[in-house]
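No experiment lies behind these values; they were computed from the predicted model shown. Here is the naming used below: chain letters follow the sequence lines, and residue numbers restart at 1 for every chain.
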2 protein chains.
Amino acid sequence: MRQVAERAGVSVKTVSRVVNGEPSVAPATLRRVLSAAAALDFQPDPHAGNLRRSDRRTRTLGLLISSVDNPFAGAIHRAVEDAAIGRGFAVFASSLDDDPEREEEAVAAFTRRRVDGLILTTSAQEQSYLEPEVRRGTPVVFVDRRPTGIACDAVVSDNAEGAAAATRHLLAHGHRRLAYLGDRPAIQTAGERRRGFLEALGQAGVPVGDAVIVEDLHDETVARKALLRLLDGPEPPTAVFSAQNLITIGALRALRERGRHRDTALIGFDDVALADLMDPGVTVMAQHPDDIGRIAAERVFARLDGDDSPAQRITVDTTLIERGSGEIPAPSNT
Amino acid sequence: MRQVAERAGVSVKTVSRVVNGEPSVAPATLRRVLSAAAALDFQPDPHAGNLRRSDRRTRTLGLLISSVDNPFAGAIHRAVEDAAIGRGFAVFASSLDDDPEREEEAVAAFTRRRVDGLILTTSAQEQSYLEPEVRRGTPVVFVDRRPTGIACDAVVSDNAEGAAAATRHLLAHGHRRLAYLGDRPAIQTAGERRRGFLEALGQAGVPVGDAVIVEDLHDETVARKALLRLLDGPEPPTAVFSAQNLITIGALRALRERGRHRDTALIGFDDVALADLMDPGVTVMAQHPDDIGRIAAERVFARLDGDDSPAQRITVDTTLIERGSGEIPAPSNT
DNA sequence: ATGAAAGCGCTAACAA
DNA sequence: TTGTTAGCGCTTTCAT
């Protein structure tokens with residue numbers, strides 16, 4: 001900047017004015033400065049500016065998700081990015097793999113870099129470690145999971161109702177022997193989906209004893225084996241509700257292996273790629289990660305723009321997509 | 001930092017020493033500073049430090065890919081992130097949607113933020129716009145596509161050979177009426193895959209006239225329609241090579257719609273989610289985005305560590321995954 | 001082992 | 001319209 005000033009024969013302050021598009025610069029000066037800047041291909045250093053600037057914004061967002069290599073998180077990421085670009089913000093992303101330790105480290109890495117806002121899918125039991133950062137004024141918005149121990153905005157799917165609706169769908173097709181395949185119940189979303197499942201059974205007057213609940217299925221292989229065991233058992237379920245992405249895939253594999261994919265109903269929570277190309281197509285209760293990401297980004301920017309209303313919880317509905325597997329009727333003799 | 005110094009009764013320089021883990025600080029002083037820092041929950045500002053520091057590194061990488069919401073790019077992203085974390089680097093990601101204008105903007109947004117290195121999937125015809133940044137010493141590594149008009153490291157799949165091997169696989173199963181479904185030939189990878197396809201035909205002595213080449217298929221719908229047209233034509237192909245992800249999906253849909261998925265062979269370039277759950281399973285020539293990302297990150301760090309050898313081009317092999325669709329034999333009467 | 005002074009590249013506040 | 005001075009939070013250099 002000093003060099004530009006010298007070359008243009010003005011003071012640094014004038015260059016600063018030009019760079020920041022401040023008014024009250026004579027057209028002739030403006031031109032001289034501009035051409036000097038171009039000649040030296042000058043790029044202003046935003047970090048240096050921020051040091052002195054009053055708002056002290058880095059125009060940077062931190063996004064913490066399960067993994068950047070994961071369709072659900074990718075869709076959120078994309079939506080956040082699209083919102084950020086319009087405001088001149090860049091996005092840091094970090095994969096947590098549902099590891100609470102990694103979460104604190106990653107948050108620290110971002111706050112040290114002075115991100116202006118944080119969007120995160122937490123997997124810690126509680127997030128009071130964010131207190132200092134929140135007090136400092138950084139907007140924090142939770143996605144997919146609600147915070148515990150701290151008051152922040154959250155954007156989540158309607159897990160309980162979505163699960164209940166999926167369950168009702170199976171019941172409506174005549175099923176009574178349902179299996180619920182779920183992730184670790186400690187994971188907030190998993191707990192809510194289970195609750196939705198049970199409530200739907202209760203409301204339909206189906207004894208809970210008629211359903212099998214298998215949990216702690218944190219990956220595809222485990223889910224597959226669990227369902228294989230059920231299918232090989234004395235009273236295999238006539239319908240399966242797989243409460244998560246990877247579990248759905250494991251369930252698909254198990255059904256195929258036993259050749260039961262045409263007579264056992266299946267609904268998965270969260271959509272799965274190419275689900276419509278399977279035979280039968282896989283019925284799912286789809287989430288809307290793009291909406292979740294977009295809304296979360298909007299919340300962050302609203303907070304940055306001065307919104308200091310109480311923490312909000314925003315729920316995004318889920319959508320049933322019928323593709324065949326969920327519409328398989330219960331066998332008539334049941 | 002000044003506050004910490006006051007509270008600990010030392011000078012700022014001493015606090016600086018403690019924060020940076022420099023030696024020659026008396027244990028007692030160290031303890032006083034540490035507790036003062038903890039009490040004020042002090043976070044050093046890396047940007048301020050960089051201003052004066054000799055190396056001037058932001059410990060930040062810029063990653064430019066087609067879209068963060070895309071499995072291939074996601075895998076690259078994850079590999080880059082994993083490599084970056086170990087070195088204390090954070091990663092900015094930006095989606096380009098194969099838009100050359102967006103590319104220049106995004107690069108500018110990152111260089112303005114003083115990223116220490118750049119990893120990008122370019123879609124511009126040539127990348128000389130990166131010249132100034134490269135001259136400034138920023139390592140730039142291309143992934144998936146080679147650079148034009150500038151000498152930089154590149155990590156790419158062996159597109160031509162992969163496509164040739166896929167084609168040979170189809171020929172080995174007796175097919176002679178092959179269809180090539182490709183993306184816009186202007187896209188570098190698309191051009192190479194086409195070349196590989198044609199070379200394999202040539203080497204097998206199959207007249208190119210026996211093959212149908214359809215290009216400019218930039219999305220699923222267009223690909224589907226193109227194949228439907230071929231299937232409905234007078235001499236439908238007995239084998240299809242779909243040279244890209246989305247095209248493979250479009251082709252799958254078309255084959256299913258016409259009920260030809262069990263007698264028409266199909267190999268796709270690039271793996272597809274749940275390909276093994278289809279019926280038949282989808283044979284693909286898989287790329288290794290995780291290796292590509294990892295190697296690219298290693299190149300960046302090697303450059304940052306002072307490697308000033310000439311620009312390298314690193315080729316990552318592709319892997320044939322046989323799942324059924326590619327092994328369908330040609331009808332005997334052909 | 002510790003500190004004082006200067007300065008990184010920029011902007012705020014005020015002056016001319 | 002333009003320039004001057006001070007200072008953001010830190011690290012460098014050189015003293016002590």
Open item on the list: How many whole angstroms separate atom NE2 of A/H47 from atom C1' of C/dG9?
Closed with: 12 Å
Task: Rounded distance in Å - CG (A/D45) to P (C/dC10) - done: 6 Å
Open item on the list: Let's go through B/L118 and B/L64 carefully: what are the C-alpha distance in whole Å and the side-chain angles of both, what is the deciding distance for side chain to side chain contact (heavy atoms under 4.5 Å, CB included) to 0.1 Å, and is it a yes or a no?
Closed with: CA-CA 8 Å; B/L118 233 30; B/L64 297 120; 4.2 Å; yes
- [ ] Take the protein atom NZ of A/K13 and the nucleotide atom C1' of D/dA6, then report the distance between them rounded to whole Å.
- [x] 13 Å
Open item on the list: By the 4.0 Å heavy-atom rule, please label A/P46 as base, sugar-phosphate, or nothing.
Closed with: nothing
Task: Integer-rounded Å distance: C/dC10 P and A/R59 CZ - done: 17 Å
Open item on the list: Heavy atoms only, 4.0 Å cut-off, all strands: where does B/V12 land among base, sugar-phosphate and nothing?
Closed with: nothing
- [ ] Mind calculating the distance between CZ (A/R57) and P (C/dT11) to the nearest angstrom?
- [x] 17 Å
Open item on the list: Categorize A/R17 for me: base, sugar-phosphate, or nothing, with a 4.0 angstrom heavy-atom threshold over every strand shown.
Closed with: base
Open item on the list: I want to check one thing: is the phosphate of C/dG9, taken as OP1 and OP2, less than 4.0 Å away from some side-chain N or O of A/S16?
Closed with: no
TODO: Using heavy atoms to find the nearest nucleotide of DNA chain C for B/G9 and A/V15 separately, return the residue whose nucleotide is more 5′.
DONE: B/G9
Task: Out of D/dG3, C/dG9, C/dA1, whichever nucleotide has its closest atom nearest the side chain of A/V10 - done: D/dG3
Task: Identified salt bridge (Lys or Arg N to Asp or Glu O under 4.0 Å) counterpart of A/D153 within the set A/R313, A/R146, A/R299 - done: A/R299
Open item on the list: Closer than 4.0 angstrom, basic N to acidic O: yes or no for B/R87 and B/D305?
Closed with: yes
Open item on the list: Measure CZ/A/R2 against C1'/C/dG9 and give the value in whole Å, please.
Closed with: 9 Å
- [ ] Quick one: label A/S24 by what it contacts on the DNA or RNA (base, sugar-phosphate, nothing), any heavy atom closer than 4.0 Å.
- [x] base
- [ ] Could you work out which one of D/dC10, C/dC10, D/dC8 sits closest to the side chain of A/R56?
- [x] D/dC8
Task: Short N-O contact, A/D82 and A/R78, less than 4.0 angstrom - done: yes
Task: A/S67 and A/D69 side chains, donor-acceptor separation under 3.5 Å - done: no
Task: Any A/N50 side-chain nitrogen or oxygen under 4.0 Å from OP1 or OP2 of C/dT11 - done: no
TODO: Select one nucleotide: of D/dT2, D/dT11, C/dT2, the one nearest the side-chain heavy atoms of B/V25.
DONE: C/dT2
Task: Mutual orientation of the aromatic rings belonging to A/H77 and B/H77 [parallel < 30°, tilted 30-60°, perpendicular > 60°] - done: tilted
Task: Length of the CD-P vector between A/E22 and C/dC10, whole Å - done: 14 Å
TODO: Verify the contact: side-chain N or O of A/T14 to OP1 or OP2 of D/dT2, cut-off strictly under 4.0 Å; return yes or no.
DONE: no
Open item on the list: Once you apply a heavy-atom cut-off of 4.0 Å, does A/V19 come out as touching a base, just sugar-phosphate, or nothing?
Closed with: nothing
Open item on the list: By nearest heavy atom, map B/T29 and B/G49 onto DNA chain C; which one lands nearer the 5' end?
Closed with: B/T29
TODO: Measure from CG on B/L51 to P on D/dG7 and round the result to the nearest Å.
DONE: 17 Å
Open item on the list: I want to check one thing: is the phosphate of D/dT12, taken as OP1 and OP2, less than 4.0 Å away from some side-chain N or O of B/S54?
Closed with: yes
